[in-house]
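A note on names: the letters A, B, ... follow the listed sequences, proteins ahead of strands, and every chain is numbered from 1. Note that the coordinates shown come from a computational prediction; the quantities given were computed from them, not determined experimentally.
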There are 2 protein chains.
Amino acid sequence: MTKRPTLQDVADAVGLSPATVSYALRGQRGSAETRARVQAAAEALGYQVDPIARALANGRSGTLAVLCGSTRDTWHRALATDLVRALIARDRRALLTDADGDADRERALLDLLAEQRADGLLVAALDPFAPHWEEVARSTPLVAIGDRLAEAPSASAVVFDNAAGFALVVDHLAALGHRRLLVLLPERPSTPDRPAETSVREAARARGLTVELLRVPPAGADPDAPIERVAAALVRTGATAVFCLSDGYAFDVLRAARRSGLRVPDDLSVVGFEDVEEADLVGPGLTTVSWDHEQVVETAVTMLLDALDHHTGPSVAVIAPRLVVRGTTSRPPAAR
Amino acid sequence: MTKRPTLQDVADAVGLSPATVSYALRGQRGSAETRARVQAAAEALGYQVDPIARALANGRSGTLAVLCGSTRDTWHRALATDLVRALIARDRRALLTDADGDADRERALLDLLAEQRADGLLVAALDPFAPHWEEVARSTPLVAIGDRLAEAPSASAVVFDNAAGFALVVDHLAALGHRRLLVLLPERPSTPDRPAETSVREAARARGLTVELLRVPPAGADPDAPIERVAAALVRTGATAVFCLSDGYAFDVLRAARRSGLRVPDDLSVVGFEDVEEADLVGPGLTTVSWDHEQVVETAVTMLLDALDHHTGPSVAVIAPRLVVRGTTSRPPAAR
DNA sequence: TTGAAAGCGATACCAG
DNA sequence: CTGGTATCGCTTTCAA
């Protein structure tokens, strides 16, 4: 196995200096004729820049990173892999890392990525309130996905119009005659903007619905405990519909319902706040709010590449919700 | 923002040469006393090795890579992210890349990973027959997952005992009284060992079942076409059970069945050859063959790290199947 | 337009 | 046990 050719080899081949070859190869200098000659020689030798040497020399690694708060969650897992795929499809090298639900690890990975000279970051943050985001965003183009990063004005973001999503769900359920709504939301606040709690309450009030809030730990932490609590809450409150704000919990609720002998959607409407691929096959029908996956990915990637290539400043894109109705009961509360 | 301290800075601080410091920090040399002093100084300065400089100097990047044939497939996606998570959990840096169903890209990514000096590879190969695997495996510890790499004796592998899986499925269906089996398998052969086709036929013959084979394109390629073909094949052959070998097609079959007005499992048994997280919620019940995910991940990661740390030679681990029965009809063929 | 030379931040060989 | 010093392969001033 013969060694890979280096810049020097190419230089020797064309009788120029490595510097000149370097510039020529990147199209930064040289007469058209020189460039062509260099290109040809490089091609002939099968020369490829060594990304590591380049990174050491100029501080850029040529690699973008996707940092995911937790790939345990189906939707985030799909998002993360789609982002990587989109980047690769645009001929960028991309790597995916996963904080696995641990905020400390999120921080550690961030340091790691800095060390690795990641040129840009796509982040589904675990803790959007963490102060360190601004420091990172200041030195590296960064696009947050899902929620704005509270303390990082330098970061771009692709955010979901949660309030609009809530309104969509509440409208839908109200129109079907539901009066009591059980809302599952994450234990820790996650949106830097108006708290989900407030928005949901407000939307519900506008439609005359009663809301019961149930805070659940992040998905995957302890899969069983919350199911029991959900089942209990359903019985206790007599809610006829469950709205799952915490990503990934709609499936758990379906499991809980099944255990409790509740039929979905005949006895209970379940609405998720995301739209995973398998939702159409799950149970007899799970209604979800969908944030057009492709649009999210496309927007985020475009933002990042723009920032990278054209040094555009930070910006925020808002993704509108769409309701995908796959089964909700309209049985009025009196009938139960 | 002050510059990160370098090895030189630490050396200056303790009055030693960078070489000595480098060795001391890695615990390769130096009296206990020297090491302690160096450690302390490094700590005090907040020194962290620069992985890029290190990679350039010694050819190792300190990063392991997971190369996935296609993250479009739910099961592979889960596998890939789980592998990354497992590696990170063991304090390794890991990156995930995705060939997205394109064999050429698989090859290109492999080159890329070589350039990036990946220290080890975990691979769910798209094309296990490709000759280039051996070249890669020869220079980098490599563990293949799912199938052996036909031409790469230097690579380790975690393989699924497909034949045993087939037997499990066929036994199960035969016991329920099924006589006609529709088997979906990938267009391209994927197992270097005995072809799936042969194994399935053999297992079926042993139980007196008739087998209809239907070759389908890889998941995600053209989501609609195969569904129609499946529906047609069901009607044409009068099969009472479908066995999906091609990963990810069980869900599509359920969709096809629904469109055709077939009820699962009352009219049709559907068996998948993997066990995705959501299988228990899908439809009224999807029976699957399960390859203990955790065991697969654990085994693969352990193999890779052993090869890395102890220079163990290539080995092969076989994962045994388990049948997860979630709903199959026992309606005898005569009743249809 | 081109080239010589100084980094970038470590590692590893080889003397002392 | 230590410490010069030559790499590793490329980028980038700065002169020519």
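With rounding to whole Å, A:Asp50 atom CG is found 8 Å from D:dC10 atom C1'. Rounded to whole Å, the distance from CG on A:Leu7 to P on D:dG9 is 11 Å. In this structure, B:Asp12 atom CG and D:dG4 atom P are separated by 11 Å, rounded to whole Å. Rounded to an integer number of Å, the gap from B:Arg117 CZ to C:dG9 C1' is 15 Å. Following rounding to the nearest Å, A:Gln8 (CD) and D:dC10 (P) show an atom-to-atom distance of 10 Å. Rounded to a whole Å, the CZ atom of B:Arg60 is 13 Å from the C1' atom of C:dA10. What separates OH of A:Tyr23 from C1' of C:dT2 is a distance of 10 Å, to the nearest Å. A:Arg35 places its CZ atom 9 Å from the P atom of C:dT1, with the value rounded to the nearest Å.
At a cut-off of 3.5 angstrom, the base of C:dG9 holds no donor-acceptor pair with the side chain of B:Arg4. Remark: the A:Arg26 side chain and the D:dT11 base include no donor-acceptor N/O pair separated by less than 3.5 Å. In the interface, the side chain of A:Tyr47 is not paired with the base of D:dC10 through any donor and acceptor atom under 3.5 Å apart.
Residues A:Thr97 and A:Leu112 fail the side-chain proximity criterion, which asks for heavy atoms closer than 4.5 Å.
A:Thr20 comes within contact range of at least one nucleobase, with a heavy-atom separation under 4.0 Å. Nucleic acid contact for A:Ile52: none, since no nucleic acid atom lies under 4.0 Å from a heavy atom of the residue. Heavy atoms of B:Arg54 sit under 4.0 angstrom from primed sugar atoms or phosphate atoms, though from no base atom.
Comparing A:Gln28 and A:Ala53 against DNA chain D, the residue whose closest nucleotide sits nearer the 5' end is A:Ala53. Residue-to-nucleotide proximity on DNA chain D shows that, of B:Glu33 and B:Ala57, the 5′-proximal contact is made by B:Glu33.
Nearest nucleotide to the B:Ala19 side chain, out of C:dA10, D:dG4, D:dG9: D:dG4. Counting only heavy atoms from C-beta on, A:Ser17 has its side chain closest to C:dG3 among D:dG3, C:dT2, C:dG3. Each of C:dG3, D:dC10, C:dA10 was ranked by its minimum atom distance to the side chain of A:Thr6; first place goes to D:dC10. Minimum atom distance to the side chain of A:Asn58 is reached by D:dT11, of the listed D:dT11, C:dT11, C:dC13.
In this structure, B:Gln28 places its CD atom where more than 12 heavy-atom neighbours from other residues, nucleotides or ligands lie under 6.0 Å away.
A close approach under 4.0 Å does occur between a side-chain nitrogen or oxygen of B:Thr34 and OP1 or OP2 of D:dT2. The phosphate of D:dC10 (OP1 or OP2) has no side-chain N or O of A:Ser22 nearer than 4.0 angstrom.
Ring geometry, A:Trp75 versus A:Phe160: the interplanar angle exceeds 60°, so the pair is classed perpendicular (tilted spans 30 to 60°).
Rounding to the nearest 0.5 Å places CG of A:Leu308 at 6.0 Å from CZ of A:Arg92.
Side chains of B:Asp306 and B:Thr312: no donor on one and acceptor on the other come within 3.5 Å.
In this structure, A:Asp50 pairs ionically with B:Arg117, as a charged nitrogen and a carboxylate oxygen lie closer than 4.0 Å.
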